[in-house]
Number of protein chains: 2
Amino acid sequence: MAPTQQVKRRATNQGAAVKEALAAEDTFRSAQDVYATLRANGEKIGLSTVYRHLQIFVDDGLADVIHKPDGESTYRLCGDASTTHHHHLVCRSCGKAVEIEGPAVETWADKVAAQNGFTDVNHTVEIFGLCATCAAS
Amino acid sequence: MAPTQQVKRRATNQGAAVKEALAAEDTFRSAQDVYATLRANGEKIGLSTVYRHLQIFVDDGLADVIHKPDGESTYRLCGDASTTHHHHLVCRSCGKAVEIEGPAVETWADKVAAQNGFTDVNHTVEIFGLCATCAAS
DNA sequence: GTCTTATTGGGAATCGTTCCCATTATGACA
DNA sequence: TGTCATAATGGGAACGATTCCCAATAAGAC
């Protein structure tokens with residue numbers, strides 16, 4: 001919506017740590033999960049800070065969020081999310097995600113919304129399943 | 001998954017009241033909202049019971065759930081949800097929803113999942129926007 | 001009418017997330 | 001390199017939605 005305005009932001013160890021933790025895996029991970037991992041690694045960081053940075057990443061378009069059916073929010077860094085709108089194919093078991101695109105879905109969504117008089121539209125499309133690895137075990 | 005097995009279930013005033021409350025409007029409503037409405041109507045019912053029945057409706061395929069981006073779960077009765085898989089165009093402001101179908105999306109989702117070795121697939125497609133009424137105000 | 005047991009409901013408990021605010025540390029500037 | 005303004009931190013309290021627990025209640029079968 002509004003042009004992503006970069007606010008002055010300080011570089012901190014904690015911020016870097018959160019980003020690293022996310023970068024380490026290509027799966028969607030919850031804030032609690034990231035926090036636990038960092039603490040286990042001996043990182044000195046608070047839960048609030050983890051939430052803060054995760055949210056910042058989302059605001060800056062560096063990360064994507066997926067709200068799991070159980071209500072938990074999970075995050076994952078996304079290469080060039082800012083330029084390409086995309087969706088995810090997510091493993092319900094391990095959280096592993098594959099970025100997918102569906103141009104047809106985009107246009108369909110906009111068309112349907114317009115036909116019904118809806119404006120300021122956005123949509124969520126997530127496909128959940130079991131990845132080959134998890135299905136095998 | 002497992003064949004929907006109908007369990008013996010008693011007919012109670014509370015159960016009927018919850019269903020009525022949902023049937024009264026074609027919008028997705030939260031458990032808290034339904035509870036408040038019922039109490040305001042002088043209905044004698046507990047919050048736990050509302051949650052319980054809402055969940056039962058979902059299990060029985062009588063209602064659809066949508067997890068709002070803020071994490072709240074909203075429910076709405078759906079005519080023949082059990083027979084026709086469909087999605088929703090939901091007003092972000094008032095919750096009003098229009099049932100929509102997108103056969104192309106279904107096949108696309110399945111195809112993408114299969115290509116990536118995912119099984120036991122399901123997907124969520126919800127379109128959020130502002131309905132004409134809410135946009136006007 | 002009686003009895004079995006599904007259902008109820010209110011409050012405690014849980015869980016993820018946000019808030020508050022005194023303390024800490026980054027980055028700009030001298 | 002030292003000083004300073006203030007962004008960032010973190011720990012615990014606060015919150016809101018949802019679930020749990022369990023004694024009291026009431027539906028439905030006989």
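Naming convention: chains lettered A, B, ... in sequence-line order (proteins, then strands); numbering from 1 in each chain. In this text, all values refer to a predicted model and were calculated from it rather than measured experimentally.
- Counting only heavy atoms from C-beta on, B/R52 has its side chain closest to C/dG9 among D/dA27, C/dT17, C/dG9.
- What separates CZ of A/R10 from C1' of C/dA25 is a distance of 8 Å, to the nearest Å.
- Protein atom NE2 of B/H53 is 11 Å distant from nucleotide atom C1' of C/dG9, rounded to whole Å.
- The aromatic rings of A/H87 and A/H123 sit tilted relative to each other, their planes meeting at an angle between 30° and 60°.
- Listed nucleotides C/dT17, C/dG9, D/dA8 differ in distance to B/Q14; the shortest reach to its side chain belongs to C/dG9.
- The base of C/dG27 has none of its N or O atoms less than 3.5 Å from a complementary donor or acceptor on the side chain of A/R9.
- Heavy-atom distances under 4.0 Å link DNA chain D to A/R39, A/K44, A/I45, A/G46, A/S48, A/T49 of residues 39-51 of chain A, given in residue order.
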> For B/Y51 and B/Q32, what are the C-alpha separation, side-chain angles and deciding distance, and is it a side-chain hydrogen bond (donor to acceptor under 3.5 Å, both in side chains)?
Replying inline: CA-CA 9 Å; B/Y51 273 104; B/Q32 305 277 353; 3.2 Å; yes

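- The residue among B/Q55 and B/T12 whose nearest nucleotide of DNA chain D lies closer to the 5′ end is B/Q55.
- Contacts of B/S30 with the nucleic acid, taken as non-hydrogen atoms under 4.0 Å apart, are absent.
- B/D70 places its CG atom 12 Å from the P atom of C/dT17, with the value rounded to the nearest Å.
- Atom pair A/L54:CG and D/dA8:C1' shows a separation of 16 Å (rounding to whole Å applied).
- In this structure, B/R76 contributes its side chain and B/R29 its backbone to no donor-acceptor pair below 3.5 Å.
- Using the six-membered ring where Trp is involved, B/H86 and B/H88 have ring planes that are perpendicular, over 60° apart on the 30 and 60° scheme.
- Atom P of nucleotide C/dG16 and atom CZ of A/R29 are separated by 15 Å, given to the nearest angstrom.
- The two residues B/F118 and A/V98 come nearest to each other via the heavy atoms CE1-CG2, 4.3 Å.
- Here the straight-line distance linking atom CZ of B/R52 with atom CG of B/L47 works out to 10.0 Å at 0.5 Å rounding.
- For the pair A/D59 CG and D/dA8 P, the computed distance is 13 Å after rounding to whole Å.
- Bending across the helix from C/dG1-D/dC30 to C/dA30-D/dT1, expressed as the angle between its end axes from five pairs apiece, amounts to 30° (10° rounding).
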>> Pair A/R92, B/N122 - check side chain to side chain contact (heavy atoms under 4.5 Å, CB included), show working.
In response: CA-CA 10 Å; A/R92 167 166 43 238; B/N122 67 10; 3.5 Å; yes

>> The test is side chain to side chain contact (heavy atoms under 4.5 Å, CB included); show your working for A/D33 and A/T37 and say whether it passes.
In response: CA-CA 6 Å; A/D33 183 21; A/T37 301; 3.8 Å; yes

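- Rounded to an integer number of Å, the gap from CD1 of A/I56 to C1' of D/dT9 is 11 Å.
- Here the P atom of nucleotide D/dG16 and the OH atom of B/Y35 are 16 Å apart, to the nearest Å.
- B/R9 contributes no side-chain N or O that, together with a main-chain N or O of B/I56, makes up a donor-acceptor pair within less than 3.5 Å.
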